[in-house]
Amino acid sequence: MTPAAPTVLHVETGMHLYGGALQVFYLLRGLAEAGWRNVLVCSEGSAIAEAAAGFVARVHAVPMSGDLDIKFIGRLRDIIRDEAPDLVHLHSRRGADVLGGIAARLEKVPVVLSRRVDNPEPRWVARLKYRLFDQIVTISEGIRNVLLREGVPPAKVVCVHSAVDAERYRPGGDRAWFDREFGLASDDQAVGMVAQLIPRKGHRYLINVVPRILQ
């Protein structure tokens, strides 16, 4: 008898399909291709609800008004009981982290939190908040270091970098047009980037490292 596929219940409350929500979609797609069963709890009217429905996850689009929407705990507990997941994976800060952690703990389901921001928190807040989660996944070592400085045990925090859909960015196109458009010589090396080039996103690292890579 073939064992049932493991089920992961994902919680992503962002409204737009970019940044963290797009990373969640990539994860849903990868897990589905590997034979896992995905359940997605997301906000009503969100882009990820439409993208994932009937394709990579069973979708529950629910009302969600932010960090203070205490009723979200009850909504999520009902879904957890109905879907009986093996794991709850919380992806979003917008109410999903603390409220989702409480719901998963009350239902006695293992819970993982993905953290994508490096905003510091008081140590007493971190000490209480991160007790909710069995494991924390950060998207950079910098974010992991923030949590370690706040007293989160090192064994509880692992860094897993964000994914890129490389098929969407294959080299190609009209190089002659590109050189004309941006005033480049035919033998110039060009690096394209779409990002927030601000200090907390690591712009100094990019400015210093990229030229050395191209040498």
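- Listed by chain and residue number, Arg29 satisfy the salt bridge (charged side-chain N to carboxylate O under 4.0 Å, His left out) test with Asp165 (two or more places apart in sequence, or in another chain).
- No side-chain heavy atom of Phe182 sits under 4.5 Å from any side-chain heavy atom of Asp188.
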Run Arg75 and Asp69 through salt bridge (charged side-chain N to carboxylate O under 4.0 Å, His left out) and show every step you take.
CA-CA 10 Å; Arg75 298 182 198 114; Asp69 189 354; 3.1 Å; yes
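- Remark: Gln135 engages Val112, Val158 in a side-chain contact (heavy atoms from CB on, under 4.5 Å) (not counting sequence neighbours).
- Side-chain polar atoms of Arg94 and Ser43 form a donor-acceptor pair below 3.5 angstrom.
- Residues satisfying the side-chain contact (heavy atoms from CB on, under 4.5 Å) criterion with Tyr18, sequence neighbours excluded, are His16.
- Qualifying ring pair (Phe, Tyr, Trp, His ring centres under 6.0 Å) partners for Tyr26, counting only residues two or more places apart in sequence or in other chains: none.
- Distance alone, capped at 3.5 Å, places no donor-acceptor pair between the Glu33 side chain and the Gly35 backbone.
- Applying the side-chain contact (heavy atoms from CB on, under 4.5 Å) criterion to Thr7, with sequence neighbours excluded, gives Arg37, Val39, Pro85, Asp86.
- The nearest pair of heavy atoms linking Ala51 to Leu17 is CB-CD2, 3.8 Å.
- Evaluation of the ring pair (Phe, Tyr, Trp, His ring centres under 6.0 Å) test over residues 31-70, restricted to residues two or more places apart or in two chains, returns none.
- Applying the salt bridge (charged side-chain N to carboxylate O under 4.0 Å, His left out) test to Arg123 and every residue at least two apart in sequence or in another chain returns nothing.
- With sequence neighbours excluded, no residue satisfies salt bridge (charged side-chain N to carboxylate O under 4.0 Å, His left out) with Arg149.
- Residues forming a salt bridge (charged side-chain N to carboxylate O under 4.0 Å, His left out) with Arg180 (at least two apart in sequence, or on another chain): none.
- Taking each heavy atom of Asn38 and Val56 in turn, the nearest pair found is ND2-O, 3.0 Å.
- For the residue pair Met64 and Ala96, the shortest heavy atom distance occurs at CE-N, 4.3 Å.
- Taking CG of Leu9 as the reference point, atom CD1 of Ile80 lies at 6.0 Å (rounded to 0.5 Å).
- Among pairs with a residue in residues 73-106, those fulfilling ring pair (Phe, Tyr, Trp, His ring centres under 6.0 Å) read His10-His89, His10-His91, His89-His91, at least two apart in sequence or across chains.
- Residue pairs satisfying the salt bridge (Lys or Arg N to Asp or Glu O under 4.0 Å) criterion with at least one member in residues 134-145, sequence neighbours excluded, are listed as follows: Arg105-Asp134.
- Sorted by first and then second residue, the salt bridge (Lys or Arg N to Asp or Glu O under 4.0 Å) pairs with a member in residues 51-68 read Arg58-Glu83; sequence neighbours excluded.
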